[in-house]
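Data block below; observations after.
The chains referred to below are lettered A, B, ... by the order of the sequence lines, with proteins before strands, and numbering in each begins at 1.
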Protein chains: 2
Amino acid sequence: MEIRQPYLLFLGDAPDDLAAKTARGVWQWRPQACVGQFRLEGCATSLQLPDLTLAEARERGAKTLLIGVANRGGVIPDSWRVPLVQALELGMDIASGLHTRLSGIEVIRSAAERTGCSLHEVRHPEGPFPVATGAPRPGRRLLTVGTDCSVGKMYTALALERELRGRGIAADFRATGQTGILIAGSGVAIDAVVADFISGATEELCPANDAEHWDLVEGQGSLFHASFAGVSLGLLHGAQPEALVLCHEPTRTHMRGLPHQSLPGLKECMDANLAAASLVSPEVRFVGVAINTSGLDPKSAETILAETEAELALPCVDPLRQGVDRIVDGMI
Amino acid sequence: MEIRQPYLLFLGDAPDDLAAKTARGVWQWRPQACVGQFRLEGCATSLQLPDLTLAEARERGAKTLLIGVANRGGVIPDSWRVPLVQALELGMDIASGLHTRLSGIEVIRSAAERTGCSLHEVRHPEGPFPVATGAPRPGRRLLTVGTDCSVGKMYTALALERELRGRGIAADFRATGQTGILIAGSGVAIDAVVADFISGATEELCPANDAEHWDLVEGQGSLFHASFAGVSLGLLHGAQPEALVLCHEPTRTHMRGLPHQSLPGLKECMDANLAAASLVSPEVRFVGVAINTSGLDPKSAETILAETEAELALPCVDPLRQGVDRIVDGMI
């Protein structure tokens, strides 16, 4: 499944900036893939991209209308139907990371059939996927792992891709969640795959490659998250990484969604990931720590980065503030 | 989903004993739930149950025709269609652990609709399942874990259920695979659940219970199997076990299906399971080791049991040969 670029970013009637987080992520990481934005009446956010009509977007080469807005409950409001059908009729595919299926809405499904355009529903992996073999394969691979969910694993993997490419090194971000897939134009929503195929789908996502090529695999969840650790472990085994980056959000007081559960220590989390990964990658090692310091004042951020770096003897950065070049120095 | 008992065991045209393994398991563990067997021409195996016509089985109270035979590729041959439709028309449900869906065969699907009888396709969990909370819940729970796949985890859990019930202790086997589900009449094929819900489906399978009630949860896979470890970890967290039994098959030369991968040491496997389980069950402990010695001569079997018991300081038995009473002694 390859989502054709460039995109027209559909912001719909997003009530605030946060609702358009997906569009913002795509624009931030793949600006060259965005020809413009499309907004409905009442939309309260903007990406500083040109507002285009559907026809104008098509003229400027847009191949896919990307739904970059998340609604409460993931529903698709009636007001979207006319523009979505029109986009299909103009020859654009539609890509969506929403739970609700576009193909479940009759007018959209039939318009896609009539026009031959594709509906990419990235939260609903298509398969079939193979069972993992765990057999060693060539190519270099790094996985971002976390102390918790939503701590910057996608951001860090994308930052590493950008830094490696900037140095002229072949590298691909490999997306395992819906926003990442829309950014990359391909990938698999690993938490939506049938349990037996978590590792197999991951092996397919980052297959054997040139010996010097890097895959930067987007991690999911945490080995210490009681709801999703199975996904994290299957992803770890399928990715067969030689390198890991630990991602952490230091202001978290408990595991996301689990008020009774505290976060693991960084060292404890690293040891568990190394032990599990060594099953398929005996030489696996950590090459850095990415700390999301957005919730801290600059002085506290500086302190925690310095202290963590001293404690773990690894480059320790906030990718957004310091970049990841020091981590990349230790990878290559 | 509750499969109504008693069963008529459908052996079809099973070419040998092994093909009727599922029927044999149901008959072994739930003999009171089996009114008879139904065989087609060419069937080369028998359970020493009465051969009944469909009408006779109905008269003896059979509520469900249970497909107890596995075909190569899990297909449903044309020769089964007439008896399966007839069973539905006589008012029996049908339960199947095959990959191929009964509901994908038009004459069977329409007969089920017409008669209002159920098709239980236990390899295709119905859901929706909740996301796991990992919150502590009352009741006593034991999970069987393995060094590898297919080492006796279902058999051991069933033997523990039988021993506990024999002592008058409330206990339920909780099935996580298709054969186990057909034996228990309920359960969830955990490896067929969407990855995000492995632990949540398991929490639902063995929910809060009376403080002294035991759930014996059937394990799946192994933390050391590179294809399926994610399933095993999600199951471990969802089961929230206070007690574990390690299951092992000592003649295995490599992990099942993975010729390049060796088996873990028993102690290594126990430590990994304890570390992972402690996230949701801080007091978790091993209460025994179940070794499948069917591939060994009696003297070698005796030696390995004695050596393992001395090494691990836990009751170490072949459940089939010695029973599990010594393990149960240490549980209660």
NE2 (H99(A)) with more than 12 external heavy atoms under 6.0 Å: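 Atom NE2 in H99(A) is not crowded, with 12 or fewer foreign heavy atoms closer than 6.0 Å.
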Got a sec: does the CD of E283(B) have more than 12 other heavy atoms crowding it under 6.0 Å? no
Nearest heavy-atom neighbours spanning [X] and [Y]:
X	Y	answer
A132(A)	S227(B)	O-OG, 2.5 Å
V151(B)	N292(B)	O-CB, 3.9 Å
T100(A)	V75(A)	OG1-CA, 3.6 Å
A70(B)	L98(B)	CA-CD2, 4.1 Å
R109(B)	L119(B)	CA-CD1, 4.4 Å

Among the options [options], pick out the one with the most heavy-atom pairs lying under 4.5 Å from chain A.
options	answer
V193(B), I190(B), V131(B)	V193(B)
L236(B), V280(B), V231(B)	V231(B)
G238(B), A226(B), P125(B)	A226(B)
V194(B), D191(B), L233(B)	D191(B)

Does anything in residues 248-270 of chain B reach chain A? List residues with heavy atoms under 4.5 Å apart, or say none.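 L258(B), H260(B), Q261(B), listed by number.
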Side-chain donor/acceptor pairs under 3.5 Å, residues 195-206 of chain B, sequence neighbours excluded:
{"from": "S199(B)", "atom 1": "OG", "to": "G234(B)", "atom 2": "O", "distance (Å)": "2.8"}
{"from": "T202(B)", "atom 1": "OG1", "to": "I198(B)", "atom 2": "O", "distance (Å)": "2.8"}
{"from": "E203(B)", "atom 1": "OE1", "to": "T133(B)", "atom 2": "N", "distance (Å)": "3.0"}
{"from": "E203(B)", "atom 1": "OE2", "to": "T133(B)", "atom 2": "N", "distance (Å)": "3.3"}
{"from": "E203(B)", "atom 1": "OE2", "to": "G134(B)", "atom 2": "N", "distance (Å)": "2.7"}

Given a strict heavy-atom distance threshold of 4.5 Å, which part of F224(A) is in contact with chain B: side chain, backbone, both, or neither?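 Contact with chain B: backbone and side chain both.
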